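Structure first, then comments.
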Amino acid sequence: LGMSGKWRVDPAALETHDHLVLETEEGRVVALNDARRFGQVDLWRTAEIGSYPAFAVMGPEPLGPELTAAHLDNALAGRVASIKAMLLDQRIVAGLGNIYVCEALFLAGISPKRAAGQVSRARLARLVDAISAVLTDAIAAGGSSLRDYRQPDGDLGYFSKQFHVYGRAGLPCDNGCGGVVKRYADSGRSTWWCNRCQRCAPKWPGAVDPNRLSRYAPHLPGLRTGFRRPFSLISTGRTRQWRTRRKPRSASVATTAAPK
């Protein structure tokens with residue numbers, strides 16, 4: 001299935017966009033309804049399903065034993081993209097969508113803006129547990145019906161009644177922390193998060209982490225370590241980055257001997 005489409009089991013009648021209808025020997029009927037035709041159906045041997053091209057590159061199942069903090073730590077090592085964007089990458093974890101990534105990051109207390117490679121092993125362990133909890137509750141509630149999603153029997157999914165952050169921009173945080181749910185766009189997808197429960201210092205490639213300046217100060221030429229805060233937060237439009245305050249370079253004049 002793509003952005004739309006649904007399977008219908010034992011429908012009372014066929015509809016206009018039922019593009020594939022399967023009937024079993026027992027008389028059961030399964031219909032693939034896809035108005036936008038973004039989905040596809042392939043016939044593949046069950047014993048060889050692991051070699052199916054679309055599955056071969058996928059990461060572990062989010063509810064399977066292969067998804068561990070160690071797997072995420074290895075897969076995300078050195079990655080500077082946000083943890084939110086990386087979790088939507090099916091090569092990292094299979095089957096996670098925008099709704100469940102936002103909710104899992106909230107439960108784990110991880111900012112969606114944090115660089116994926118800078119999330120600690122302990123936080124990744126909490127994230128694995130949060131992913132499992134969110135998906136288990138969503139399955140029990142029948143999924144999340146926002147627009148056209150339906151269960152195979154036609155019923156709605158009611159997990160949307162349990163959203164903590166998704167679609168709640170401007171509302172108070174459920175944790176009672178005093179924060180407000182915010183929304184921003186990341187990799188073309190809307191992201192919702194609590195600005196207090198999921199607080200994160202900005203981290204970009206090449207930026208200096210202010211919490212580690214005392215450690216790196218001896219190795220930064222020109223750093224004015226005499227100040228209490230030897231760094232400044234520079235904001236230019238939508239870009240925010242920690243930068244060190246350096247002493248201005250003294251002007252130097254190069255002189256050359258005039259030809260005789």
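In what follows, residues are counted from 1 in the order of the sequence shown. Since this is a predicted model, take the numbers as computed values, not measurements.
With sequence neighbours left out, Asp129 forms a salt bridge (charged side-chain N to carboxylate O under 4.0 Å, His left out) with no residue at all. Every residue was checked against the side-chain hydrogen bond (donor to acceptor under 3.5 Å, both in side chains) condition with Asn195, not counting sequence neighbours, and none meets it. Qualifying side-chain contact (heavy atoms from CB on, under 4.5 Å) partners for Phe55, counting only residues two or more places apart in sequence or in other chains: Ile49, Tyr52, Met58. In this structure Asp174 satisfies the salt bridge (charged side-chain N to carboxylate O under 4.0 Å, His left out) test together with Arg168, sequence neighbours excluded. Residues forming a side-chain hydrogen bond (donor to acceptor under 3.5 Å, both in side chains) with Asp89 (at least two apart in sequence, or on another chain): Arg91. Under the side-chain contact (heavy atoms from CB on, under 4.5 Å) criterion, Ala125 pairs with Ala69, sequence neighbours left out. With sequence neighbours excluded, the residues that form a side-chain contact (heavy atoms from CB on, under 4.5 Å) with Val101 are Lys84, Leu87, Leu88, Leu96, Leu105. For His71, the side-chain contact (heavy atoms from CB on, under 4.5 Å) partners at least two apart in sequence or on another chain are Pro60, Leu67, Thr68, Ala75. Taking the salt bridge (charged side-chain N to carboxylate O under 4.0 Å, His left out) definition, one finds that Arg45 meets it with nothing, sequence neighbours left out. Residues meeting the salt bridge (charged side-chain N to carboxylate O under 4.0 Å, His left out) test with Glu15, sequence neighbours left out: Arg8.
A pairwise comparison of heavy atoms in Gln90 and Gly95 identifies OE1-N, 2.6 Å as the closest pair. For the residue pair Ala104 and Ala130, the shortest heavy atom distance occurs at O-CB, 3.4 Å. Among all heavy-atom pairs drawn from Gly179 and Cys194, the shortest one is CA-SG, 4.2 Å. Closest of all the heavy-atom pairs between Asp186 and Ser82 is OD2-OG, 2.6 Å. Taking both residues in full, the closest heavy atoms of Gly59 and Ala94 are given as O-CB, 3.5 Å, listed atom of the first, atom of the second, then distance.
Hydrophobic clustering of Ile, Leu, Val, Met, Phe, Trp and Tyr side chains at less than 4.5 Å, counting indirect connections, unites Ile99 with Leu63. In this structure, Phe163 is a member of the same hydrophobic cluster as Ile139, with clusters built from ILVMFWY side-chain heavy atoms closer than 4.5 Å.
In this structure, the side chain of Arg37 does not engage the main chain of His17 through any donor-acceptor pair within 3.5 Å. With hydrogens and angles ignored, the 3.5 Å screen pairs a side-chain donor or acceptor of Glu103 with a backbone N or O of Val165. Under a 3.5 Å cut-off, the side chain of Arg79 and the backbone N or O of Ala116 do not form any donor-acceptor pair. Judged by distance alone, with hydrogens and angles left aside, the side-chain atoms of Gln198 form no donor-acceptor pair with the main-chain N or O of Gly109 at under 3.5 Å. In this structure a side-chain-to-backbone donor-acceptor pair under 3.5 Å is present from Asp34 to Gly39. No donor-acceptor pair closer than 3.5 Å links the side chain of Asp73 to the backbone N or O of Leu124.
Side chains of Lys6 and Asn33 form a contact here, defined as non-hydrogen atoms less than 4.5 Å apart. Side chains of Leu76 and Val119 form no contact here, defined as non-hydrogen atoms less than 4.5 Å apart.
Interatomic distance, CZ of Arg183 versus SG of Cys102, reported as 10.5 Å (0.5 Å rounding). Remark: Lys113 NZ to Thr191 OG1 distance equals 9.5 Å, nearest 0.5 Å. Rounded to the nearest 0.5 Å, atoms CZ (Arg126) and CG (Leu107) are 11.0 Å apart. With values rounded to the nearest 0.5 angstrom, Ser132 atom OG is found 9.0 Å from Asp137 atom CG.
Residues in residues 21-30 take part in these side chain to side chain donor-acceptor pair (under 3.5 Å) pairs, two or more places apart or across chains: Asp10-Arg28, Thr24-Glu26.
None of Trp192, Phe106, Tyr100, Trp193 except one satisfies the side-chain contact (heavy atoms from CB on, under 4.5 Å) rule with Tyr166; the exception is Trp192.
Counting Ile, Leu, Val, Met, Phe, Trp and Tyr side chains that sit under 4.5 Å apart, directly or through other members, Val21 shares a hydrophobic cluster with Leu14, Val29.
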